[in-house]
Amino acid sequence: MPKHEPVLLKNMLQPGYTGSLADYEKTGGYQALRKVVGKVSPTDVTGTVMKSGLRGRGGAGFPTGVKWGFLPKDYQGPRYLCCNADESEPGTFKDRQLIERDPHQILEGILLACYAIGAESAYIYIRGEFVLGAKILEAAIVEARTAGYIGTNILGTGITANVWVHRGAGAYICGEETALLESLEGKRGLPRVKPPFPATHGLYNKPTVVNNVETLANLPHIISRGPEWFASIGSPPKSTGTRIFCVSGHVKRPGNYEVPMGVTFRELIYEEAGGMRSDKPLKAFIPGGASAPFLTPDSLDVKLDFESVAAAGSMLGSGGVTVMEEGTDMVWAALRLMEFFYHESCGKCSPCREGSSWLVQTMRRIVAKRGRMEDLETLVDLCKNIAGRTVCAFGDAEISPIMSTLKHWRPEYVKMIHEAEAANLIHPKRIMAQP
Amino acid sequence: MLKDKYQKEIDEILSRYPVKRSALIPLLYLAQQDEGYVSEVAMKEIAGLLRLTPPQVYETATFYTMLNLKPVGKFHLQICKSLMCALVGSDTVIGWVKTKLEIGPGETTADGLFTLSTVECLAACGTAPMMQVNEDYYERLTEEKFDRILADLKKDGTCSLKTGPFMWPEPAPAKHGA
C-alpha cells in the first residue's frame with residue numbers, strides 16, 4: 001500500500017475499478033456536482049477553490065481560483081473552459097493515467113469549473129497520440145450525458161454544460177495555453193502575445209479558462225471535503241494538496257506516485273520509486289519535466305513544493321522527475337533534450353527558432369568529438385540571447401538543459417573537447433558543418 | 001469525395017464548434033483515416049467545406065507531425081527517442097528495426113507494410129522504451145516482445161501486446177499464448 005493516502009489515484013488503485021460511471025458513482029462520484037450546482041453560487045465555488053490554495057498542475061503553478069477570478073463578471077456573451085490534456089512535456093505521464101483510468105473524475109472537475117466560471121461549453125484538448133484516452137473520454141461523456149450530468153438542463157437545474165473532446169495532431173507547443181487556443185481554432189499552434197490574457201480574450205476572443213487535467217481532477221475532492229482539508233495537506237500555505245509525480249529513468253519502479261507536496265526528492269526517489277535500478281549512485285535528476293534545470297544529489301533533501309525547488313535553482317514544473325545514474329553522459333543528455341526542443345520549436349520567434357537550431361548544431365558537434373573550447377562560450381551566449389526574448393516560455397525552457405549541465409558538469413564538456421583536440425579531428429573549414 | 005462518404009461524421013464534427021475553422025484538424029484526421037494520408041485533393045475539399053482558402057488548410061496541416069502529407073506504410077512504427085526513453089534503451093530499439101526490417105527513420109519497407117519514424121516524447125516515460133504503431137502504444141519493449149509485435153502485425157494486423165488503459169502499479173503480467 002502507498003505510504004501516503006492518495007486522492008486522485010485512490011479510485012483506480014482499488015481492485016476491479018474500471019472507471020465506468022457506475023464505479024465512479026459508487027465511490028461518491030458526482031456528489032460534489034450535486035452539492036453545488038444550482039445550490040451554491042458560482043462565486044462561492046470560486047471562493048472555495050481560492051481558499052484551498054490549489055495551484056495549476058500543468059507547470060506554471062498559478063493559483064486556480066485566482067485565475068477564474070480574472071474573468072470579467074459582467075460579460076454577457078459565451079465563456080469557455082478548456083481542459084489542457086496536451087501532455088507532452090518529456091518526463092510527464094500523469095494526465096494519461098488520470099484520463100485512461102478515471103475519466104469521470106476529470107469530467108466532474110470540468111463541470112464544476114464550468115459552473116464556477118459560467119461556461120456552457122468545455123473542450124478537452126487532448127494530445128493527438130492519446131487515441132485510447134480520447135476514446136475513453138468520449139465514452140465517458142456519453143455516459144455522463146445519459147445520466148444528466150452533461151448537456152442542457154444538467155441535474156434538472158436549467159444550467160447548460162457541454163463537453164467535447166478535441167484531438168491535437170502532434171505539437172508540444174499546443175500545451176501552452178494560447179497556442180492551445182490557436183490550435184483549437186483550427187490554426188497553427190503559435191502562442192499569442194500576452195496581454196490580452198485568455199481570461200478576457202481566449203477561445204474565439206471570448207473569456208476563457210485553460211486548466212490542466214490534474215488541476216480539474218482535484219476539484220470534486222476540494223468541493224466534497226472542503227478547502228480546509230485540502231489546504232492542510234502538503235506544504236501550506238503556498239503548496240497545498242497532493243501532487244502526482246512521474247518518476248522515470250534509472251529507478252527500480254518508474255511510475256506515477258501521488259504524494260503530499262513537501263516530501264523530499266530522497267523520499268520520492270528512494271522510498272516510493274525504489275531507489276536506483278543498479279548499484280550505481282545517483283548522478284543527476286530533473287525535478288519537473290524537460291523544461292526544468294537539472295539538479296545534483298546535493299538537492300536530494302529539497303522538498304517537492306514550488307518554493308523549495310525554485311530556491312534550489314530549478315522548478316517543480318509539470319512534476320516529471322527523471323533520474324540518471326552515475327555513468328550517464330550529461331552532455332549527451334542535454335543534447336537529447338535539446339533535440340526535443342529544436343524539433344518542437346513552433347518557429348514564431350526568431351531567437352527560439354534560430355537559436356534552437358544553433359544550439360543543437362553546436363551540441364551535436366561537441367558530442368561528435370568535433371567541438372572547440374569557444375563552443376562553450378557560444379552556447380552560453382546563445383542561451384542568454386534566447387532567454388526572455390520569446391513570446392512564450394519555450395525559449396526559457398530550451399536553454400535549461402544546457403545551462404544547468406554546463407553549471408554542474410562543465411568538466412564533461414571540457415573533457416570531450418580536449419579529446420577532440422587530441423584526436424586532431426578539427427579542421428577550421430569544417431567548423432560549421434553538421435556532424 | 002469526403003462529403004459523399006462521411007456526411008454524417010462531418011455534420012457531427014461541425015456541430016461541436018461555433019466557428020467552422022475549429023473543425024479543421026478533425027476533418028484532416030477524417031481524410032487521413034480514409035486515404036492513409038492527407039492528400040492535396042482532400043485539403044482542397046476541406047477548404048471548401050470550411051470556407052477557407054487551400055493555403056489556410058495547408059499551413060495548418062504542415063504544422064502538425066501526426067498529419068501525413070504523403071503515404072506511409074500500413075503500420076507506422078513511431079519510436080520515442082527523447083531522453084527518458086533513451087536512458088533506458090530506445091536507441092537499441094531503433095537498432096532492432098534497422099536490422100530486422102532493413103529500413104532507417106523516414107523509410108518504408110519494400111512491401112509497403114512498415115514505415116519507421118523516430119519521434120519526440122509520447123508521454124510513456126515511466127514505461128519506456130516505447131513505440132506507437134498506428135493508434136496503439138507498446139511499452140517496456142524488449143527484443144522478444146518487439147519480435148512478437150512485428151510477427152503478429154504481419155500475420156494478424158494487430159498484436160495483443162498493445163497497451164490498455166495506463167495502470168500503476170501494474171497488474172501481474174498476463175500470460176500470453178505462444
**Request:** Heavy-atom distances under 4.5 Å only: say whether B:Gln132 touches chain A with side chain, backbone, both or neither.
**Result:** side chain

**Request:** May I have the step-by-step check of ring pair (Phe, Tyr, Trp, His ring centres under 6.0 Å) for B:Tyr17 and A:Tyr123, ending in yes or no?
**Result:** CA-CA 10 Å; B:Tyr17 309 99; A:Tyr123 293 97; 5.5 Å; yes

**Asked** Listed by residue number, which members of residues 65-93 of chain B have a heavy atom under 4.5 Å from any heavy atom of chain A?
**Response** B:Thr65, B:Met66, B:Leu67, B:Lys81, B:Ser82, B:Leu83, B:Met84, B:Ala86, B:Leu87, B:Val88, B:Ser90, B:Asp91

**Asked** Based on non-hydrogen pairs under 4.5 Å, which of A:Tyr257, A:Phe130, A:Trp164, A:Trp332 is most in contact with chain B?
**Response** A:Trp164

**Item:** Row check, B:Tyr29 ring normal vs A:Arg167 NZ/CZ: under 6.0 Å, within 45°
**Value:** yes

**Item:** Whether B:Tyr64 side chain and A:Gly189 backbone form a donor-acceptor pair below 3.5 Å
**Value:** yes

**chain B contact via A:Ile286 - which portion, at a heavy-atom distance below 4.5 Å** = side chain

**Prompt:** Given a strict heavy-atom distance threshold of 4.5 Å, which part of B:Ile25 is in contact with chain A: side chain, backbone, both, or neither?
**Reply:** side chain

**Prompt:** Hey, does the side chain of A:Arg188 reach the backbone of B:Thr60 with a donor-acceptor pair shorter than 3.5 angstrom?
**Reply:** no

**Asked** What residues of residues 99-111 of chain B sit under 4.5 Å from chain A when you count only heavy atoms?
**Response** none

**Request:** Give the ring-plane orientation class for A:Phe93 versus B:Phe166, where under 30° counts as parallel, over 60° as perpendicular and anything between as tilted.
**Result:** tilted

**Message:** For a quick check under 3.5 Å, do B:Arg16 and A:Ser121 share a side-chain donor-acceptor pair by atom type?
**Reply:** no

